[in-house]
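The next block holds one structure in the form of structure tokens; read it before the comments.
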2 protein chains.
Amino acid sequence: MSDKDPYSVPGLVRGLTLLQTFTPQRPEQTMAQLAQTLGITRSAVFRTVHTLVQEGFLLPVRDGNHFRLGPAVLRVSYGYLASRELLEVAQKPLEALRDAQDWSGHLGVLDGRHILYLIRLPASDGLSSLVHVGSRLPATMTAMGRVLLSRKTEPQIRRLLEGQPKAATEKALAAWRKDSASPSVIHNGSFETGLCSVAAPIHDMSGEVVAAISATKQTDTVPASVEREVLKTAYAISRAMGWNAPAP
Amino acid sequence: MSDKDPYSVPGLVRGLTLLQTFTPQRPEQTMAQLAQTLGITRSAVFRTVHTLVQEGFLLPVRDGNHFRLGPAVLRVSYGYLASRELLEVAQKPLEALRDAQDWSGHLGVLDGRHILYLIRLPASDGLSSLVHVGSRLPATMTAMGRVLLSRKTEPQIRRLLEGQPKAATEKALAAWRKDSASPSVIHNGSFETGLCSVAAPIHDMSGEVVAAISATKQTDTVPASVEREVLKTAYAISRAMGWNAPAP
DNA sequence: CCAGGGCGTTTCATGGGTAAAACGCGCGCT
DNA sequence: AGCGCGCGTTTTACCCATGAAACGCCCTGG
């Protein structure tokens, strides 16, 4: 399906199609079977299978002439499931957080020296959220960014910020030293005065920080109750993902 | 990793590698980011991404310049998980069946007009199992084959058997008519006289028959208790897979 | 024992995918 | 506005992945 497309890569299409011919009903196939099933030459099957075996997507079994799917196929689906699941799973706890405190809720990840917003939940006032999904802001100037940076090492921070004005780097490192000590980060809006945010990190099962959430409102102090709720929500999201995050 | 291999397919390797760069920490990427991450030209990324989008493995999001993994990535892992899981899950119930009755246990799938053995559990006598894992026997001459054929339609059977001697086809169709009516199939050894088997199908969640199990022994009558155990085991395997098979 | 066929592998000329360069658009900065 | 840069897209000459054919091996049957 779909030829005469000048930009398609036949080799890739064949490999992906070939992988999809493996089903529970047909878990092992020989090259000849694959060639017949796909209606392509045995040469193409040979090279494709050879490549897939080297990548671990196929495993030779039995006499070496039969092949079955290898564990590597899970590598591609992992990224999808994990990222999808995080956004879906995080949605409800974040909504609960917003409704309980009427603060805007966000979820973001670190991309280089920027924070990337993936979920945006404006509070009822509609004012305390100036970003959109997909927005990028300098990490050092947001609560989520700071809490994500605070979980990196100092050399990583320096590498990330190199090329920046020296004053900005030193200021970021000062904040980094302070943020590293606390489980959450409170940040007073760098873009709009009076806008205040509190952020907490989300850990995966290996302890890696994969994302952060934050609550934002037009205020100048963050009640301890809100900070506690943010930490609890971050923990709830980790738990809902099946990850063993440290308890708040 | 791995060049100067005369049989590798660069386009395929690139596509698979590209898919693996999508992680929970980096769920969306632009072509330029991908080119930099992979260290390949933007042209290659453009063609690869274009192909992956057409196949549904990537989805353009936001402004159309960012891409994230698409649901299609699950298609390749489904076959792996499903087939792997079936074999692992089926192992223990089959062992229990063998130990309870001391009959040889097998699990097989239909491949064309042949039955493919995927699990082989010899009984203590070691005699009543003449096949190996990976063995192929004509479906019409085994209990598992007959029970799998009996879940197909008559036109499917005719197509499967075309080219066979007419007498064999008619005989198979007669057996098919009888087998369709019962939940299990008892078959007296076509390869060794006195060897008797009883087989039951395993259904997946959609009611499709994905495999069959059988118990075999040197005898000429199948006790009702063994037939009941085989049906129960097949049902137990379906249930352990999370499938809603019809109760025995 | 030797044909015959099926299958995995290898070879080789060629056509198509590839890398490089150029294009054009949008954005940020002065 | 004007400029410059970054990025997605298009083009093009080239070279490498490709399809066809041949090879060698292991079966099976006569």
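The structure displayed is predicted, hence computed values, not measured ones. Sequence lines set the chain letters: A, B, ... in the order given, protein chains first and strands last, and positions in each chain run from 1.
For A:Phe46 and A:Pro10, each mapped to the nucleotide of DNA chain C holding its nearest heavy atom, the one lying further toward the 5' end belongs to A:Phe46. In terms of position on DNA chain C, the residue among B:Arg42 and A:Gly11 whose nearest nucleotide sits closer to the 5' end is A:Gly11.
Exactly one of B:Leu160, B:Ile115, B:Val185, B:Thr142 qualifies for a side chain to side chain contact (heavy atoms under 4.5 Å, CB included) with B:Leu149. That residue is B:Leu160.
For the pair A:Leu74/B:Leu81, a side-chain contact is recorded, criterion being any heavy-atom separation below 4.5 Å from C-beta on. Side-chain atoms of B:Arg177 and B:Glu154, non-hydrogen and from C-beta on, do get closer than 4.5 Å to each other.
Considering NZ of B:Lys166 and CG of B:Leu161, their distance stands at 14.0 Å, rounded to 0.5 Å.
For B:Ser43 and C:dA20, a side-chain-to-base donor-acceptor distance below 3.5 Å is present, hydrogens and geometry of angles not being considered.
Separating the CG atom of B:Asn65 from the P atom of D:dG8 is a distance of 5 Å, rounded to the nearest angstrom. B:His50 places its NE2 atom 18 Å from the C1' atom of D:dC7, with the value rounded to the nearest Å. With rounding to whole Å, B:Gln33 atom CD is found 13 Å from D:dG8 atom C1'. Remark: C1' of D:dC16 and CG of B:Leu12 are 16 Å apart, rounded to the nearest angstrom. Regarding B:His66, its NE2 atom lies at a distance of 14 Å from the C1' atom of C:dG26, rounded to whole Å. To the nearest angstrom, C1' of D:dC16 lies 13 Å from CZ of B:Arg47. Atom CG in B:Leu34 sits about 12 Å away from atom P in D:dC7, given to the nearest Å.
The listed nucleotides are C:dT9, C:dA20, D:dT9; the one nearest the side chain of B:Thr41 is C:dA20.
For the pair B:Tyr7 and C:dT10, the criterion of a side-chain N or O lying under 4.0 Å from OP1 or OP2 is met. For the pair B:Arg14 and C:dT18, the criterion of a side-chain N or O lying under 4.0 Å from OP1 or OP2 is met.
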